[in-house]
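The first residue in the sequence is number 1, and the count goes up from there.
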Amino acid sequence: MTLRSVSLLAAITSVALVSLARLSAGQTDSGWITMFNGKDLSGWTPKIRGYASGENFANTFRVKDGILEVNYDGYGGKFKDRFGHLFFNTEFSNYIMQLDYRFTGEQMPDGAGWAWRNSGIMIHGQSAKSMGKDQDFPVSVEVQLLGGPKEGVRHTLNMCSPGTNIVRDGKLITQHCVDSDSETYRGDQWVKAEVEVHGKGLIIHRINGKEVMRYEQAQYDPKDANAKPLIKDPNQLLIDHGTISLQSESHPCEFKNVRIKQLKS
């Protein structure tokens with residue numbers, strides 16, 4: 001074998017090893033990283049209201065048949081405002097995240113009316129450890145996931161803002177939720193949700209690849225009690241990165257095909 005052949009073989013082997021390392025870490029050659037392995041909650045941390053970070057009360061978040069479930073069969077028939085979030089352990093800034101979601105079964109009987117077939121993807125969020133023990137929701141921007149009633153319109157992939165504000169069409173939006181222009185998705189069907197995030201800039205919500213909402217400049221709300229401790233400089237409210245978490249709000253739901261692709265800043 002010539003020296004040139006040896007060098008070429010070494011280069012090919014090096015590329016193969018890099019590709020193998022990426023795949024073993026959950027990253028595909030297309031750049032997508034699998035966030036949920038379909039077996040357990042590795043890489044995720046639960047935080048449920050009234051409990052410490054890391055305590056998965058009543059096995060709320062669980063894996064069954066390759067699906068990430070939110071289930072309340074261990075709650076003794078009462079939700080008692082035990083809102084929960086399952087945090088991915090890595091924070092992100094510029095990315096596209098996708099997942100499939102659906103709602104199943106019946107809502108907990110004491111769940112709030114607005115929480116019927118209601119969950120969410122929380123982005124640009126605070127860490128699970130930084131949340132107060134009795135804090136309902138992380139300071140974040142919520143990509144709201146909703147299921148539709150038998151009749152009538154109920155949009156999904158709306159924007160809600162626990163402890164935050166956004167800018168839309170050049171105006172600061174301080175109201176808690178803003179509807180998308182999505183269709184209504186009824187029953188137990190799977191819905192493919194996607195959110196594209198560009199740090200301090202543009203954020204886009206899509207369903208099945210179709211854009212349903214866009215806004216920008218996610219920022220802390222200086223009037224919010226939970227946000228105040230996170231504000232290091234009152235003149236710098238914009239949020240350029242944070243956690244991603246999935247919600248538990250009293251209605252059983254399921255997630256699958258949870259993945260993320262990092263984008264250049």
Answer whether the closest heavy-atom distance between the side chains of Gln98 and Asn257 falls below 4.5 Å.
-> no
Separation between CD1 of Ile204 and CD of Glu194, rounded to the nearest 0.5 Å = 9.0 Å
Enter the distance from Leu99:CG to Glu254:CD here, rounded to the nearest 0.5 Å.
-> 12.5 Å
Out of curiosity, Lys171 NZ to Ile166 CD1, how far, rounded to the nearest 0.5 Å?
-> 13.0 Å
Which salt bridge (charged side-chain N to carboxylate O under 4.0 Å, His left out) pairs, counting each pair once, include a residue from residues 70-96, with sequence neighbours left out?
-> Arg62-Asp73
Can you tell me how far the CD1 atom of Ile121 sits from the CE atom of Met97, to the nearest 0.5 Å?
-> 5.0 Å
Is any side-chain heavy atom of Pro222 less than 4.5 Å from a side-chain heavy atom of Leu237?
-> yes
Under 3.5 Å donor-acceptor, Asp221 side chain and Asn165 backbone = no
Can you tell me if CD on Glu211 sees more than 12 non-hydrogen neighbours from other groups inside 6.0 Å?
-> yes
Donor + acceptor pair across side chains of Thr45, Asn89 (<3.5 Å) | yes
Going by heavy atoms in the side chains, are Leu86 and Phe255 under 4.5 Å from each other?
-> no
Identify the residue among Glu249, Lys47, Gln247 that makes a side-chain hydrogen bond (donor to acceptor under 3.5 Å, both in side chains) with His85.
-> Gln247
Judged by atom type as modelled, is there a donor-acceptor pair below 3.5 Å linking the side chain of Arg102 to the main-chain atoms of Val191?
-> no
Minimum side-chain heavy-atom gap Val70-Pro252 below 4.5 Å = no
Give a yes or no answer on whether the side chain of Gln189 reaches the backbone of Gly187 with a donor-acceptor pair at less than 3.5 Å.
-> no
Quick one: closest heavy-atom pair of Met122 and Pro162, and the distance?
-> CE-CG, 3.8 Å
For the residue pair His251 and Trp116, does the interplanar ring angle fall in the parallel (under 30°), tilted (30 to 60°) or perpendicular (over 60°) class?
-> perpendicular
Would you check if the side chain of Arg186 reaches a backbone N or O of Pro149 as a donor-acceptor pair within less than 3.5 Å?
-> yes
Any pair counted as ring-ring contact (aromatic ring centres under 6.0 Å, His included), so long as it reaches residues 162-213, sequence neighbours left out | His205-Tyr215
If you measure from CZ on Phe87 to OG on Ser140, what distance do you get to the nearest 0.5 Å?
-> 7.5 Å
Quick one: does Gln219's side chain get under 4.5 Å of Val167's, heavy atoms only?
-> yes
Looking only at heavy atoms, which two atoms of Gly74 and Ala58 are closest? And how far apart?
-> O-CB, 3.5 Å
Steps toward side chain to side chain contact (heavy atoms under 4.5 Å, CB included) verdict (Asn118, Gln144) = CA-CA 7 Å; Asn118 189 335; Gln144 189 182 48; 3.6 Å; yes
Just wondering, more than 12 heavy atoms not from Glu106 lying within 6.0 Å of its CD?
-> no
Indicate if Val153 and Met159 have the same hydrophobic cluster label, given that clusters are the connected sets of ILVMFWY residues with side-chain heavy-atom separations under 4.5 angstrom.
-> no
Take Ser182 and Thr156 through the test side chain to side chain contact (heavy atoms under 4.5 Å, CB included) and record every step on the way to the result.
-> CA-CA 6 Å; Ser182 80; Thr156 185; 3.6 Å; yes
Identify, with sequence neighbours excluded, every residue that meets ring pair (Phe, Tyr, Trp, His ring centres under 6.0 Å) alongside His124.
-> none
In terms of hydrophobic clusters joined by side-chain contacts under 4.5 Å, are Tyr95 and Val258 together?
-> yes
Output yes when a side-chain donor or acceptor of Asn56 lies under 3.5 Å from a complementary backbone atom of Phe61, and no otherwise.
-> yes
Taking the six-membered ring for Trp, are the ring centroids of Phe36 and Phe88 within less than 6.0 Å of each other?
-> no
Roughly how far apart are Phe103 CZ and Ser119 OG, rounded to 0.5 Å?
-> 5.5 Å
Please report the closest heavy-atom contact between Tyr72 and Ser250, naming both atoms and the distance.
-> OH-N, 3.0 Å
Joint cluster assignment, Ile244 & Val63, ILVMFWY side-chain distance < 4.5 Å | yes
Taking all heavy atoms of Tyr75 and all of Met108, pick out the closest pair and write down the distance.
-> CB-CE, 3.7 Å
Does a sphere of radius 6.0 Å around NZ in Lys200 hold more than 12 heavy atoms from other residues, nucleotides or ligands, not counting ones at 6.0 Å or beyond?
-> no
Would you say Leu68 and Leu246 make side-chain contact, with heavy atoms under 4.5 Å?
-> yes
More than 12 foreign heavy atoms under 6.0 Å from CG of Asp134: is that the case here?
-> yes
Is there a side-chain contact between His155 and Val212, using heavy atoms and a 4.5 Å cut-off?
-> no
Report the C-alpha distance between Leu145 and Leu157 in whole Å, list the side-chain angles of each, state the deciding distance to 0.1 Å, and finish with yes or no for side chain to side chain contact (heavy atoms under 4.5 Å, CB included).
-> CA-CA 5 Å; Leu145 308 177; Leu157 263 70; 3.6 Å; yes
Within the side chain of Thr34, is there an N or O that forms a donor-acceptor pair under 3.5 Å with the backbone of Asn37?
-> no
salt_bridge(Arg117, Asp188) N-O dist < 4.0 Å | yes
Flag, side chain of Tyr220 to backbone of Ile239, donor-acceptor distance under 3.5 Å = no
Same apolar cluster (I L V M F W Y, side chains within < 4.5 Å links), Phe92/Val139 = no
Specify the closest pair of heavy atoms between Gln175 and Cys177, including all atoms of both residues, with the distance to one decimal.
-> NE2-O, 2.9 Å
Is there a donor-acceptor pair closer than 3.5 Å between any side-chain N or O of Ser93 and the backbone N or O of Asp240?
-> yes
Taking every non-hydrogen atom, the tightest pair across Phe79 and Ser248 | CZ-O, 4.1 Å
Shared hydrophobic cluster, Phe137 / Leu230 (ILVMFWY, side-chain heavy atoms < 4.5 Å) = no
Heavy-atom donor-acceptor pair, Gln107 side chain to Ala112 backbone, under 3.5 Å | yes
For Lys256, does its backbone N or O pair with a side-chain atom of Asp100 as donor and acceptor, under 3.5 Å?
-> no
Going by atom types only, do Tyr51 and Thr60 share a side-chain donor-acceptor pair under 3.5 Å?
-> no
Kindly check if the number of other-residue, nucleotide or ligand heavy atoms within 6.0 Å of NZ (Lys192) is above 12?
-> yes
Verify side chain to side chain contact (heavy atoms under 4.5 Å, CB included) between Ile203 and Val195, making sure each step is shown before the conclusion.
-> CA-CA 7 Å; Ile203 298 175; Val195 56; 3.9 Å; yes
Beyond-backbone contact of Ile96 with Leu263, side-chain heavy atoms, under 4.5 angstrom = yes
